[in-house]
Student: 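Dropping the structure in here first, questions after.
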Amino acid sequence: SVILELVHIASLVHDDIMDGADLRRGNPTASAKWGNSLSVLLGDALFAYALELATQFDDFDICRTIARASREVCTGEILQTQRRFDLNLTVPDYLRIIEMNTAALFAVAPQLGSRLNGRDSAEQDALYRYGLKLGTVYQIYDDCLDLVGDEKKAGKTLRTDLVKGKLTLPILYLLQGATNEQKTKLNRMLLKGEPMDASILAGIADYEGAIERAVKDAMGMIQDAVNELSCLPGTVYRDALEGTAGYLNKLLDNCRVMA
């Protein structure tokens, strides 16, 4: 848990640098407090320390799995950065990117928990799929929150995705539902990096419908994730995994209300 959280924090430190974010969990980001140069080194140091801790397991496959997940996170971020302002980005492209740069850590967390407790490979694979789906859903939620959330309640800088050219699922659906004239207007604003709040987006196309569609897709993935838990016996641990999925479902529902 500590190792994966270190990798996660390292990725957040780097994300905040690239997004120019000032707040994270209600506090100044590392880059806002110490500048980009030191923050890059901090993120690198956290990655390195996590991988050093991973080598302490007798089971070398655990270390390899964590290293692969760390590589996936970095590769996903590279792909996302390359595809910024790419108006040809498709929904499958988007989903593949977030599976790498967000869901990879969600996937290996329950998988490795199962492995460390001596469970069979079928259960480990099922828990990997559970985590992958849950991580994908969480990123969709985070992308919706960036559009409709309140910074004070969220405790982090919002409205950065569009300014930085990140085409998230609700924006991709927004583009799909827009007229040619609306697409041209939105594309022009995206390429210029003009700030856009919810009221501007609502006047371009079916903004609420795009949020609703993204939330609906994510909720379907949550059910798929819960279905992966059918291989587990009925214990408090399975209840906790189902409860985590249920909590994420509530977060998504809140986004639907705020849209």
Side-chain angles (χ1 to χ4, degrees), residues 1-12 15 24-25 50 53-54 56-59 61-73 76 94-146 149 153-156 168-169 214-257:
S1 297
V2 171
I3 291 167
L4 293 177
E5 182 58 14
L6 282 171
V7 175
H8 176 223
I9 293 172
S11 70
L12 294 183
D15 279 354
R24 172 71 67 178
R25 296 172 184 167
L53 290 176
Q56 296 180 15
F57 287 101
D58 293 333
D59 184 348
D61 278 342
I62 292 176
C63 182
R64 293 189 186 98
T65 299
I66 292 169
R68 280 195 297 268
S70 301
R71 183 197 63 200
E72 285 276 285
V73 169
Y94 161 84
L95 292 173
R96 177 56 185 147
I97 287 171
I98 65 173
E99 279 184 359
M100 296 174 74
N101 73 358
T102 299
L105 293 182
F106 278 80
V108 298
Q111 177 196 29
L112 291 180
S114 179
R115 184 180 183 88
L116 285 165
N117 282 280
R119 309 300 293 180
D120 62 40
S121 59
E123 182 181 295
Q124 292 177 40
D125 291 345
L127 286 171
Y128 177 90
R129 293 190 297 270
Y130 160 85
L132 192 70
K133 291 180 174 71
L134 212 65
T136 301
V137 169
Y138 183 81
Q139 186 59 60
I140 294 173
Y141 157 72
D142 198 55
D143 290 343
C144 291
L145 185 68
D146 187 78
K153 292 181 180 179
K156 66 176 185 175
T168 58
L169 187 60
V215 167
K216 185 177 179 180
D217 283 0
M219 286 181 168
M221 291 182 199
I222 288 178
Q223 186 56 55
D224 290 341
V226 171
N227 290 342
E228 295 289 355
L229 302 176
S230 61
C231 64
L232 299 179
T235 64
V236 293
Y237 307 108
R238 175 173 171 172
D239 291 344
L241 292 172
E242 291 178 346
T244 301
Y247 175 69
L248 187 49
N249 202 74
K250 289 180 181 178
L251 292 179
L252 282 164
D253 201 43
N254 287 338
C255 279
R256 173 188 281 161
V257 171

Student: Between Asp224 and Arg129, is the closest basic N to carboxylate O distance under 4.0 Å?
Tutor: no
Student: Report the C-alpha separation of Ile98 and Leu169 in whole Å, then their side-chain angles, then the decisive distance to 0.1 Å, and conclude whether the side chain to side chain contact (heavy atoms under 4.5 Å, CB included) test is met.
Tutor: CA-CA 10 Å; Ile98 65 173; Leu169 187 60; over 6 Å; no
Student: So which atom in Leu232 and which in Leu241 form the shortest heavy-atom distance, rounded to 0.1 Å?
Tutor: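 Nearest pair, atom of Leu232 first, then Leu241: CD1-CD1, 3.8 Å.
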Student: For His8 and Val73: C-alpha separation, side-chain torsions, deciding distance, then whether side chain to side chain contact (heavy atoms under 4.5 Å, CB included) applies.
Tutor: CA-CA 9 Å; His8 176 223; Val73 169; over 6 Å; no
Student: With side chains defined as the heavy atoms from C-beta onward, is the minimum distance between Thr168 and Ile140 less than 4.5 Å?
Tutor: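 Side chain of Thr168 against side chain of Ile140, heavy atoms only: no contact under 4.5 Å found.
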Student: Between Arg68 and Glu72, does at least one N-O distance fall below 4.0 Å, as a salt bridge requires?
Tutor: no
Student: Are any of the side-chain nitrogens in Asp253 or Lys250 under 4.0 Å away from the carboxylate oxygens of its partner?
Tutor: no
Student: Using the rule given for side chain to side chain contact (heavy atoms under 4.5 Å, CB included), can you reason through Leu12 versus Arg25, listing the C-alpha separation, both sets of side-chain angles and the distance that settles it, and then say yes or no?
Tutor: CA-CA 11 Å; Leu12 294 183; Arg25 296 172 184 167; 3.7 Å; yes
Student: Kindly indicate whether the side chain of Phe57, heavy atoms from C-beta on, has any atom under 4.5 Å from the side chain of Leu116.
Tutor: yes
Student: Grab the two heavy atoms, one from Gly76 and one from Asn101, that are nearest each other, plus how far apart they are.
Tutor: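 Taking Gly76 first and Asn101 second, the nearest heavy atoms are C-CB, 3.6 Å.
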Student: Show your working on side chain to side chain contact (heavy atoms under 4.5 Å, CB included) between Asn249 and Met219 and close with a plain yes or no.
Tutor: CA-CA 6 Å; Asn249 202 74; Met219 286 181 168; 3.4 Å; yes
Student: Using only atom types and a distance under 3.5 Å, with no angle test, would you say the side chain of Ser114 pairs donor to acceptor with the backbone of Pro110?
Tutor: no
Student: According to the ring pair (Phe, Tyr, Trp, His ring centres under 6.0 Å) rule, which pairs have a member within residues 95-124, sequence neighbours left out?
Tutor: Phe106-Tyr138
Student: With no hydrogens and no angle check, do the side chains of Asp120 and Gln124 hold a donor and an acceptor under 3.5 Å apart?
Tutor: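 On atom types as modelled, these side chains do not qualify, holding no pair under 3.5 Å.
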Student: Do side-chain atoms of Asn117 reach the backbone of Gly113 as a donor and acceptor pair under 3.5 angstrom?
Tutor: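 Pair found, side chain donor or acceptor close to backbone of Gly113.
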Student: For Ala50 and Leu6, work out which heavy atoms get closest and say how close.
Tutor: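 Reported closest heavy-atom pair: CB-CB, 3.8 Å.
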Student: Looking only at heavy atoms, which two atoms of Tyr130 and Ala245 are closest? And how far apart?
Tutor: OH-N, 4.3 Å
Student: Less than 4.5 Å apart, any side-chain heavy atom of Ile66 and any of Val108?
Tutor: no
Student: Can you name the nearest heavy-atom pair linking Gly135 to Thr102, along with the distance?
Tutor: O-CG2, 3.6 Å
